[in-house]
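Have a look at the structure below before the remarks.
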Amino acid sequence: KLAFRLRDFVLTGMLQSLAPRSSVPLLARHSCRGLASCAASGRTFHVRPTFRASIKPRTPPPALPAAQRVRASDRRGVTSRQGFAFQTLRQVAVMASGSPSLVSTSWLKARLDDQDLRILDASWHMPNTNRNPIAEFKEERIKGARFFEVDAVADTSSGLPHMLPTEASFAAAADALGITPDTQVVLYDKAGVFSAPRVWWTFRAFGHTRVAVLDGGFPAWSVDGLPIDRDAPSDQDVAAPGLAAKDPPSSPSYPAKLNERWVRHKQQVAANMDSGEAVVMDARSPGRFQGTAPEPRPGLPSGHIPGSRNVPFASVLSPDGRYLKPEELQRVFSDAGVDTTRPIIASCGTGVTASVLALALEQLEHPPPAVAVYDGSWTEWGADSTLPRAEGPA
C-alpha cells in the first residue's frame, strides 16, 4: 500500500508540473493501478478544466540544447506541457511503469542479468528470401534469448499467414517462455527492424505493456560487439512456445486479454472507407502500392485500399537500420499526407511491416490518439474480388 501511495504521489507531482494550471485534475483519486487498468482498455484520458489545483503557475524551464534533449520514447509518453491532456491512458501507464517501447543496445546490455527480463528473437523472413529464422537462431543469438516463432504462435486456421493467435494460444506461449505480466520483454530480429515490431504489437494487443523492441536489432547488437551466444539450443526449447500455442491448456497462467482497439479487421477497414474516421497507411513499397510491381505471393494482385497513403516501412529507418529521430519521423508521415492527429490504421502485406509503422508512431512527439494494425492487410484485401482496389499514387 505504501508503495502504491508513493507512486501515486510521484505521478501526481509529475502531471501537475507538466499540465497547464487550468487543466490539472484532482489526480489523487486515481491510483497507478487504476491508470494501468484503464490503459488496458485503450480509453482516452481527457484532463477536464473543471478542477483547479491550488498551485501557482510555474515558469517553464529554459529549453535544453539539442544534444541534451531526451527522445520521445524515453520520456515514456509525456510529450508536451500543453499537449498532455490529449494523450491516451496507455501512455500514462507506460510513464508510470517506466517501460519504453524502443530500447538501445546499451539499455539492454545494462539489464542482461535482470531476473525479470526475457529476450526474444522474433525473426521472420519473406518467403522469397529463402532464409530460415530458426536455423539462424540456432547458429547465434543475443545472450539468453529464446525464440518466438511468428508463424507458430498464430491463428493457423484462418488461411492467412501469421494472424493473431487466440488468447489461450498466446497465453500458453507466454507460459512456455516463462513470461508473466511483470516480465520485461525485449524483442529483436536478424533483419534489424522488420518482424520484431509485429511481435511487439501482438504483446500489446494482448495487454502486455512491458515490451520493447531493440532498435537496430541483432545487426546493431553484433556491430556493437555485445555478448552473442553460439551454443546450439535444444530443438525442444526452440519449439516449445509454438507447440504450446498449438495445443493450449484449458487454464493457462498468463492472463491474456485481447484489446480490440489495437486490431482492425476487413469489415472495419471497409466501413472506414465511408466514415473516413481513420487514416489508412500502407507500409509496402511504392511499386506494390501503385500496382506496378508484383506481390511476392503468387496470384495476389498489387494495388492498394482506396484512400490509403503510402509510407514504405524503410522510410522510417535510418541507413544503419535504427528508427529515425521523432522529428524526422514526423516529417516522413507529414510528407506522405498522413495526419497524425487522427486515428491511424496501418496495413502492409500481412501485418508485419505495418507494425514497423505502428511502433514509429509511438516515438512521435505527439502520437496519434489511436493506432491499430489491419491484421489481414493486403493479402486478405487484395484476394477478395468483392472489395475495391486502387492503383497509381495515393
Side-chain angles (χ1 to χ4, degrees), residues 3-4 7-8 10-11 14-15 27 30-45 70-79 84 86-104 107-108 111 114-120 122 146 148 153 164-165 167 170-171 173-175 177-188 196-215 252-263 323 344 346 355-356 358-364 367-373:
F4 280 116
R7 202 161 62 172
D8 288 350
V10 171
L11 180 59
M14 291 171 67
L15 297 182
L27 290 170
H30 301 281
S31 71
C32 289
R33 284 180 290 182
L35 287 174
S37 175
C38 291
S41 69
R43 285 178 286 179
T44 302
F45 178 69
V70 183
R71 287 189 58 174
S73 58
D74 292 333
R75 278 188 252 152
R76 302 183 287 276
V78 179
T79 59
F84 174 78
F86 304 101
Q87 299 305 310
T88 57
L89 267 178
R90 63 186 173 84
Q91 292 169 305
V92 180
V94 170
M95 178 187 69
S97 68
S99 178
S101 58
L102 188 67
V103 299
S104 65
W107 186 98
L108 179 57
R111 293 163 175 80
D114 287 2
Q115 294 300 308
D116 66 342
L117 176 70
R118 290 293 181 276
I119 305 171
L120 302 182
R146 299 283 302 275
F148 187 100
V153 187
L164 273 178
E167 292 173 350
F170 178 82
D175 288 346
L177 291 165
I179 293 172
T180 72
D182 295 325
T183 302
Q184 173 63 63
V185 178
V186 175
L187 307 158
Y188 74 89
R198 167 72 186 196
V199 180
W200 166 83
W201 170 75
T202 300
F203 271 83
R204 293 305 307 269
F206 285 108
H208 196 95
T209 57
R210 299 195 69 199
V211 56
V213 169
L214 179 64
D215 201 7
S253 298
Y254 188 92
K257 181 65 177 177
L258 179 62
N259 183 347
E260 292 285 353
R261 288 180 61 90
W262 285 85
V263 191
Y323 275 99
I344 304 291
S355 302
V356 175
L359 182 56
L361 289 166
E362 287 269 326
Q363 314 312 311
L364 297 181
V371 179
V373 169

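Values reported hereafter were calculated over all heavy atoms of this structure, with side chains retained and with hydrogens, waters and symmetry mates removed.
Minimum interatomic distance between A256 and A171 (heavy atoms only, all atoms of both residues): CB-CB, 4.0 Å. Listed here is the closest heavy atom pair of V211 and H208: CG1-O, 3.4 Å. Listed here is the closest heavy atom pair of S253 and D175: N-OD2, 2.8 Å. Counting all heavy atoms, side chain and backbone alike, P369 lies closest to R261 at O-NH2, 4.4 Å. Shortest non-hydrogen contact noted between V373 and R198 is CG1-NH1, 4.5 Å.
Between the side chain of D215 and the backbone N or O of L102, no donor-acceptor pair lies under 3.5 Å. E362 places no side-chain N or O within 3.5 Å of a backbone atom of A358 that could act as its donor or acceptor partner.
Here CD1 of I119 is found 8.5 Å from CG of L214. Values are rounded to the nearest 0.5 Å. With rounding to the nearest 0.5 angstrom, the CG atom of L187 is 14.0 Å from the CH2 atom of W201. Annotation: the span from Y323 atom OH to L359 atom CG amounts to 3.5 Å, rounded to 0.5 Å.
Annotation: salt bridge (charged side-chain N to carboxylate O under 4.0 Å, His left out) contacts of R118 (sequence neighbours excluded): none. Under the side-chain contact (heavy atoms from CB on, under 4.5 Å) criterion, P181 pairs with Y254, P255, sequence neighbours left out. A search for salt bridge (charged side-chain N to carboxylate O under 4.0 Å, His left out) contacts involving D116 returns R210, not counting sequence neighbours. Under the side-chain contact (heavy atoms from CB on, under 4.5 Å) criterion, T180 pairs with D182, T183, not counting sequence neighbours. Looking at residues two or more places apart in sequence or on another chain, you find a side-chain contact (heavy atoms from CB on, under 4.5 Å) between A212 and V103, Q184.
Taking the six-membered ring where the residue is Trp, F206 and F170 present parallel rings, their angle staying beneath 30° rather than reaching 60°.
Between I179 and F203 there is a side-chain heavy-atom pair separated by less than 4.5 Å. At a threshold of 4.5 Å between non-hydrogen side-chain atoms, the residues T209 and S99 do not count as touching. The closest side-chain heavy-atom distance from F148 to V185 is not below 4.5 Å. The shortest distance between side-chain heavy atoms of V153 and V199 does not fall below 4.5 Å. Using a 4.5 Å heavy-atom cutoff, the side chains of E167 and P252 are not in contact.
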